[in-house]
Novice: 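Mind looking over this structure? Questions follow.
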There are 2 protein chains.
Amino acid sequence: MARRTKAEAAATREALLDAAEEVFLEKGVARTSLEQIARHADMTRGAIYWHFRNKADLFQAMLQRVRMPFQELVEEIGDPSVTERPLEAIRLACLKGFERLEQPRYRRVHAILIHHCEVFGDIDPLAMQNEMAEEACGALIDYCGCAARLGHLRPGLDPGVAGELLQAMLGGLFHDWLRNHERFSILERGTLLLDTQLELMRAPASG
Amino acid sequence: MARRTKAEAAATREALLDAAEEVFLEKGVARTSLEQIARHADMTRGAIYWHFRNKADLFQAMLQRVRMPFQELVEEIGDPSVTERPLEAIRLACLKGFERLEQPRYRRVHAILIHHCEVFGDIDPLAMQNEMAEEACGALIDYCGCAARLGHLRPGLDPGVAGELLQAMLGGLFHDWLRNHERFSILERGTLLLDTQLELMRAPASG
DNA sequence: CGCTATCCATACAATGGTGTATGTAAATGG
DNA sequence: CCATTTACATACACCATTGTATGGATAGCG
């Protein structure tokens, strides 16, 4: 075979990553060989070993395309008044997250990371999940603390517990949906559950 | 080597399952060979292939030792008045579950099922998780519906949503803790979060 | 226009794991 | 107390996958 142009090479790299997503999701990371990925992209293992050092490197490149930290979601809202309404900031950031997750790429890669791979090579998916959870939980607790200081939180509800409650609920929903995304819409049920939970935690309207 | 007595044979079977738990948890199911399990139990693969057909069979036998359906937890409470106080039934059943999870065997096997194995052979851990979740969620919704009819639920809170909320929160906590059980006690934080959530969902004391 | 680095296919050796076949000594049943 | 089954250990053949080495054709650059 012949050498490709730079654009073609970049395209095959993306095609390999796309193929990896699909095969990983279907067969699980451990049970898919590089050969299967290559064939699924109409290539050979030679292409993979040219663009990536090994399976772990390919895996990390795949993750690189869908990083989604909680703080970025908040910033993407673009509404400067969110600091005055922290519970609303949480709400909007989560809705943005739900919308992202409905894109196949985000859904697939997160499903792979959480439900379809084990430790291998120098990849520790649980450590990655821990980082994601810590970041999200920390932000949630911060916003809940802010809400408490503003009197937006139900009296007697500890902001730390409120944040952990939210993180546990969102995480549970997340895991549940990623396990089988055809059972329900993450956007619909997520909105419903989140709104209900926030309503339960919000301070009752005074006067 | 020589033939063992029936009791010794049963003991080695259990030892193999114990070894499987430990190695699976440390290395992940896919990356552990039957040889590693056997050596960890001071045996050879011959012992494994005698007691089990293959890795999948061994895996299922390992799961068999820790099945814990939600309904059984309710029944184990032994208090016949739980039907009159469904929210309390949920609470006590969950506490029982938390206590079980603190036993190393229950914790390890559930951590393996949820975080350390992919599909392999005829084993589909996601399908198993789905079954567990369905069973738990169904029971929770039932009890919440019962609570709603008795007026124990906060007015305006849909019992279905309440059940899903509880299941998501408990599931999220469950996943979080199994990912790294040394960060917090499932019994302590679970009790705190569950009590807080139930308090939020309970109908305000009348009069 | 020629040279070289690039982009990939193909071929190869090495490895690790699986399943099974065979060996064997003692426990068990009659 | 003898025959048979049991409960493993050992040995073997087989297969899949990996990493690398090599080949080759062209794109890009001077």
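Labels below follow one simple rule: chain letters A, B, ... track the order of the sequence lines, proteins then strands, and each chain is numbered from 1. Fair warning: this is a prediction, and the values are worked out from it, not measured in the lab.
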Novice: Under 3.5 Å, which N/O atoms of the protein pair with N/O atoms of nucleotides 26-30 of chain D?
Specialist:
{"unit_1": "D:dA27", "atom_1": "N3", "unit_2": "A:Arg3", "atom_2": "NH1", "d": "2.4"}

Novice: With a 6.0 Å cut-off (strictly less than), is the heavy-atom count around CD of B:Gln103, excluding the residue itself, greater than 12?
Specialist: yes
Novice: Does any part of the side chain of B:Leu178, heavy atoms only, come nearer than 4.5 Å to the side chain of B:Ile186, both counted from C-beta?
Specialist: no
Novice: Output all residues satisfying side-chain contact (heavy atoms from CB on, under 4.5 Å) with B:Glu84, sequence neighbours left out; order by chain, then residue number.
Specialist: B:Ser81
Novice: Please figure out whether A:Met43 or B:Gln36 has its closest DNA chain C nucleotide nearer the 5' end.
Specialist: A:Met43
Novice: Is the closest basic N to carboxylate O distance between A:Glu72 and A:Arg100 below 4.0 Å?
Specialist: no
Novice: Find the distance A:Ile48:CD1 to C:dT10:P and express it as a whole number of Å.
Specialist: 14 Å
Novice: Estimate the overall bend of the helix from C:dC1-D:dG30 to C:dG30-D:dC1 from the end axes over five pairs each, rounded to 10 degrees.
Specialist: 20°
Novice: Is it true that A:Arg31 and B:Glu118 have a side-chain N and a carboxylate O under 4.0 angstrom from each other?
Specialist: no
Novice: Do you see a donor-acceptor pair shorter than 3.5 Å between the side chains of B:Glu26 and B:Thr32?
Specialist: no
Novice: Would you mind listing every salt bridge (charged side-chain N to carboxylate O under 4.0 Å, His left out) that reaches into residues 38-64 of chain A, with sequence neighbours excluded?
Specialist: A:Glu35-A:Arg39, A:Arg53-A:Asp57
Novice: Using a heavy-atom distance cut-off of less than 4.0 Å, which residues of residues 10-22 of chain B contact DNA chain C?
Specialist: none
Novice: Indicate the atoms forming the closest heavy-atom contact of B:Ala111 with B:Leu25, along with that distance.
Specialist: CB-CD1, 3.8 Å
Novice: Indicate every side-chain donor-acceptor pair of residues 85-99 of chain B with a distance under 3.5 Å to a residue at least two apart or in another chain.
Specialist:
{"unit_1": "B:Glu88", "atom_1": "OE2", "unit_2": "B:Arg91", "atom_2": "NE", "d": "3.4"}
{"unit_1": "B:Arg91", "atom_1": "NH1", "unit_2": "B:Asp195", "atom_2": "OD1", "d": "2.8"}
{"unit_1": "B:Arg91", "atom_1": "NH1", "unit_2": "B:Asp195", "atom_2": "OD2", "d": "3.1"}

Novice: With sequence neighbours left out, what residues match B:Arg179 under salt bridge (Lys or Arg N to Asp or Glu O under 4.0 Å)?
Specialist: B:Asp176
Novice: For B:Glu134, which residues count as a side-chain hydrogen bond (donor to acceptor under 3.5 Å, both in side chains) partner, sequence neighbours excluded?
Specialist: A:Arg183
Novice: Can you check the A:Arg39 CZ to C:dC8 C1' distance for me, whole Å?
Specialist: 15 Å
Novice: Can you list every pair that meets ring pair (Phe, Tyr, Trp, His ring centres under 6.0 Å) and has a residue in residues 22-43 of chain A, with sequence neighbours left out?
Specialist: none
Novice: Could you name each residue pair satisfying ring pair (Phe, Tyr, Trp, His ring centres under 6.0 Å) that touches residues 47-86 of chain B, not counting sequence neighbours?
Specialist: B:Phe59-B:Phe120
Novice: How are the rings of A:His110 and A:Tyr106 set to each other: parallel, tilted or perpendicular (split at 30° and 60°)?
Specialist: parallel
Novice: C:dT18 C1' sits how many Å from B:Ile37 CD1, rounded?
Specialist: 13 Å
Novice: Counting side-chain heavy atoms from C-beta on, which of C:dC8, D:dT18, D:dC8 comes nearest to A:Ser33?
Specialist: D:dT18
Novice: Hey, does the side chain of B:Trp50 come within less than 4.0 Å of D:dC8's phosphate (OP1/OP2), counting only N and O?
Specialist: no
Novice: Inspect the contact between A:Arg154 and B:Glu199 and indicate whether a charged nitrogen and a carboxylate oxygen are less than 4.0 angstrom apart.
Specialist: no
Novice: Do any of residues 24-31 of chain B sit with a heavy atom less than 4.0 Å from DNA chain C, and if so which?
Specialist: none
Novice: Report yes if at least one side-chain N or O of A:His51 is closer than 4.0 Å to OP1 or OP2 of C:dC8; otherwise report no.
Specialist: yes
Novice: At a cut-off of 3.5 Å, list every protein nitrogen or oxygen paired with a nitrogen or oxygen from nucleotides 19-21 of chain D, distance to 0.1 Å.
Specialist:
{"unit_1": "D:dG19", "atom_1": "OP2", "unit_2": "A:Tyr49", "atom_2": "OH", "d": "2.4"}
{"unit_1": "D:dG19", "atom_1": "N7", "unit_2": "A:Arg45", "atom_2": "NH2", "d": "2.6"}
{"unit_1": "D:dG19", "atom_1": "O6", "unit_2": "A:Arg45", "atom_2": "NH2", "d": "2.7"}

Novice: Under a 3.5 Å distance rule, please check whether A:His175 uses its side chain to pair with a backbone N or O of A:Gly171 as donor and acceptor.
Specialist: yes
